[in-house]
Amino acid sequence: MKITTWNVNSVRARKNHILAWLETARPHALLLQETKCEGADFPFADFRAAGYESFCCGQKAYNGCAVLSRLPIADAQCGMPNRPHDKQARVAAVTVAPSGGGENLRLISAYIPNGGEVGAEKYEYKLEWLADFAEYIADAARDFPGGVAAGGDYNIAPADEDIYDPAHWGAGNILVSKPERAAFAGLLARGYADAHRLFTQPRGVFSWWDYRAASFSRNRGLRIDMFLLTPPLATKCESCAPDSAPRTWEKPSDHAPVTVRLRAEE
DNA sequence: ATGGTAGTTCTACTA
């Protein structure tokens, strides 16, 4: 079974990229972030024609998460129950029966706040949001013994290996500051593994490259898009890798899709 | 320290 997460930076601007990528990659599910539109503008029909049902948790212009799935979707939920006051569309969750059989899986598409800059109001929002997200995924781990895959744009580079140049993008910067990394460690402490770190990885594997300063052609990137897996899925995980090909296409998202492969039940 | 680009929306805001 294959599951992918992709911050597409507008589902409407990237519709053809998504369809072209799905046609060859054919994951069972695709978790999207930064869809940047309400449900009324979401291209449900185009994805259905490609074999995918969609659940959209959107808002106008900013944020927005969705789940596309070739497997039937149940118990779709928009947002976190422990943040009922929060109007920002940053979480979409669904339940699916795994393609290889076995207990139901919970798939969570998450768009963690960027934070602006360290110390800013948006930064405080990010840390507060992450504290609630930790509780939310802890509850999911308990409620779904078959496994939880929380994929998304975490907007945190957990370690120095996840930065093209730690000297240039150091601890005072957004995405790498100590409190952000501590918050990320807090997510793992809820019983999750960063799928990328289950394997020996080469240097220079990133998932996001700034549009500016020719960052992609120089591989000046960060690894901020991740899959967090509970033990039932971590033990079945065969690989976790970004696909940088779509980043080379015309008018790309600034993020690459990241895919985990899970072994089927015996 | 600054600026470089992109999407949404229409003037700035977010990233």
Side-chain angles (χ1 to χ4, degrees), chain A residues 5-21 31-43 46 56-66 79 83 86-92 109-130 133 151-158 162-177 179-181 183-184 206-226 242 244-258:
Chain A
T5 182
W6 195 1
N7 178 325
V8 289
N9 187 19
S10 170
V11 69
R12 289 175 292 175
R14 227 64 63 200
K15 188 180 78 178
N16 290 338
H17 278 207
I18 297 168
L19 289 169
W21 190 82
L31 315 179
L32 299 180
Q33 300 87 37
E34 283 209 85
T35 51
K36 295 190 170 179
C37 69
E38 294 173 312
D41 298 316
F42 191 90
D46 298 279
C56 163
C57 174
Q59 71 179 80
K60 196 171 181 176
Y62 300 114
N63 309 316
C65 291
R83 287 187 74 84
D86 198 327
K87 298 284 187 287
Q88 300 191 24
R90 295 183 175 278
V91 176
S109 175
Y111 178 46
I112 281 68
N114 173 282
E117 55 188 79
V118 174
E121 194 176 325
K122 285 205 282 284
Y123 180 77
E124 298 306 323
Y125 170 78
K126 178 179 195 173
L127 296 177
E128 177 196 303
W129 192 97
L130 279 161
F133 187 67
D153 176 359
Y154 281 80
N155 267 318
I156 299 170
D162 302 318
I163 309 166
Y164 67 92
D165 180 4
H168 189 264
W169 198 312
N173 288 78
I174 198 68
L175 312 184
V176 306
S177 72
E180 290 168 90
R181 284 179 166 176
F184 186 78
F206 306 125
S207 68
W208 171 81
W209 302 262
D210 198 297
Y211 282 121
R212 299 163 287 192
S215 300
F216 181 69
S217 61
R218 298 189 287 169
N219 198 28
R220 295 166 79 94
L222 275 69
R223 189 179 71 90
I224 56 176
D225 299 271
M226 255 98 57
S244 54
R247 190 63 177 78
T248 69
W249 299 349
E250 199 178 340
K251 288 190 126 334
S253 167
D254 43 351
H255 296 253
V258 174

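The sequence lines fix the lettering, A, B, ..., with proteins before strands; numbering per chain opens at 1.
- When the side chain to side chain donor-acceptor pair (under 3.5 Å) test is applied to A:Asp210, the partners found at least two apart in sequence or on another chain are A:Arg212.
- Here the P atom of nucleotide B:dA15 and the CD atom of A:Gln33 are 14 Å apart, to the nearest Å.
- Across the protein-nucleic acid pair, A:Glu34 atom CD and B:dC13 atom P stand 18 Å apart, rounded to whole Å.
- By the side chain to side chain contact (heavy atoms under 4.5 Å, CB included) test, A:Ser10 pairs with A:Arg12, A:Ala13, A:Lys36, sequence neighbours left out.
- Mapping A:Asn63 and A:Asp210 onto DNA chain B via the closest heavy atom, the residue that lands nearer the 5' end is A:Asp210.
- A stem is defined here as three or more consecutive Watson-Crick or G-U pairs, each with both distances under 3.5 Å; for DNA chain B these stems are B:5-8 with B:12-15.
- Here the two rings, on A:Trp249 and A:Trp21, have centers that are 6.0 Å apart or farther.
- What separates NE2 of A:His168 from P of B:dG4 is a distance of 15 Å, to the nearest Å.
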Set out, line by line, the N/O atom pairs under 3.5 Å between protein and nucleotides 6-8 of chain B.
unit_1	atom_1	unit_2	atom_2	d
B:dG7	OP1	A:Arg14	NH1	3.0
B:dG7	OP1	A:Arg14	NH2	3.4
B:dG7	OP2	A:Lys251	NZ	3.0
B:dG7	O3'	A:Ser10	OG	3.2
B:dT8	OP1	A:Ser10	OG	2.3

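- One can place CG of A:Asn7 at 11 Å from P of B:dA15, the figure rounded to the nearest angstrom.
- A:Phe216 pairs by the ring pair (Phe, Tyr, Trp, His ring centres under 6.0 Å) definition with A:Trp209, not counting sequence neighbours.
- Taking A:Glu128 as the reference, A:Arg83 meet the side chain to side chain donor-acceptor pair (under 3.5 Å) condition, with sequence neighbours excluded.
- Going from atom CD1 of A:Ile156 over to atom P of B:dA15 covers 14 Å, rounded to whole Å.
- With sequence neighbours excluded, the residues satisfying side chain to side chain contact (heavy atoms under 4.5 Å, CB included) with A:Gln88 are A:Gln59, A:Asn63, A:Asp86, A:Arg90, A:Tyr125.
- When the P atom is used for both B:dC10 and B:dT14, the distance is 15 Å, rounded to whole Å.
- Between the NZ atom of A:Lys122 and the C1' atom of B:dA12 there is a distance of 12 Å, rounded to whole Å.
- Scored by the side chain to side chain donor-acceptor pair (under 3.5 Å) test, A:Ser207 finds A:Asp225 as partners (sequence neighbours excluded).
- A search for side chain to side chain donor-acceptor pair (under 3.5 Å) contacts involving A:Thr5 returns A:Gln33, not counting sequence neighbours.
- If you measure from atom CD of A:Gln59 to atom P of B:dT14, you get 12 Å, rounded to the nearest angstrom.
- Spacing of C1' atoms, B:dA15 relative to B:dG3, comes out at 15 Å, to the nearest Å.
- Regarding A:Trp208, its CH2 atom lies at a distance of 15 Å from the P atom of B:dT5, rounded to whole Å.
- A donor-acceptor pair shorter than 3.5 Å cannot be found between the side chains of A:Ser215 and A:Tyr164.
- In this structure, A:Phe216 reaches neither bases nor backbone, as no heavy-atom distance under 4.0 Å exists between it and the strands shown.
- Counting non-hydrogen atoms under 4.0 angstrom, A:Arg90 reaches the backbone sugars and phosphates but no base.
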